[in-house]
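Please read the structure below before turning to the comments.
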Amino acid sequence: MMEKTAVGGRDVLVVVDIQNDFCPGGSLSVPRGHEVVPLINRLAERFDHVVLTQDWHPPNHLSFASAHPGKKPYDTIIVDYGPQILWPDHCVRATRGSEFHEDLSIPHAALVLRKGIHRTIDSYSTFYENDRRTPTGLVGYLRDRGFTRVFLAGLAFDFCVRYSAEDAQREAFEVVVVEDACRGIDVDGSMAATRESLRALGIGRTTCGAVG
Ligand SMILES: [Zn+2]
């Protein structure tokens, strides 16, 4: 049986992108993405400190296939910072698709962090945009608040959760991914690649039942 992880005052839960467009019926639906909502609501009750993130793009964002004539969703293009997968238009700022799932209920969350706000850079990680240099500001917030361990849950496991976990570790936070409170998209084997990367980096993985 997995050992229970006790949550303390230096721990923060970062809830990644629980938005309509990433749930069934949305434009970039993560299969069974909505299933994590009640799990995350209950998980969050065990944390004094919670941050919510939102993918929040301007119209015509670089990551949208529609912004590139002749390209279609899931094609990969090369941009200034390297390869970029193209997605259906999603999470356009201040649209219904960018709103949190209506059942998400974490009233004590202290910060809503928006990412992907620059038209010419995508952002999977909640810490750095895809050029790996442009900060979202979350590192500074977490350090300023004195948090040392970051728990991650949300959508999608194999993109925004994965890159957030890797960046958090690189920034010297202890990192724990609450794996059953995540769902993935699985583009070209990205689920397996994510599990392999987390394992290779020694990033902690747990389940909701083992946190509290
Ligand atoms: Zn996006």
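Predicted, not measured: the structure shown is a model, and the values here were computed from it. Indexing begins at 1, ligand by ligand and atom by atom, following the structure's order.
Checking side-chain atoms of Ser164 against main-chain N and O of Cys160 turns up a donor-acceptor pair under 3.5 Å. In this structure, Glu171 contributes its side chain and Val139 its backbone to no donor-acceptor pair below 3.5 Å.
A salt bridge does not link Arg170 with Glu166: none of the charged nitrogens is closer than 4.0 Å to a carboxylate oxygen.
When Thr134, Thr136, Asp17 are each tested for a side-chain hydrogen bond (donor to acceptor under 3.5 Å, both in side chains) with Lys115, only one passes: Asp17. Screening Asp21, Thr95, Asp55, Asn20 for a side-chain hydrogen bond (donor to acceptor under 3.5 Å, both in side chains) involving His90 leaves a single residue, Asp55.
For a distance threshold of 2.8 Å, the protein N, O or S atoms nearer than that to the Zn ion (ligand 1), listed by chain and number, are Asp55 OD2, His57 NE2, His90 NE2.
Criterion: ILVMFWY side-chain heavy atoms under 4.5 Å apart, direct or through other members. Under it, Val30 and Trp87 are part of a common hydrophobic cluster.
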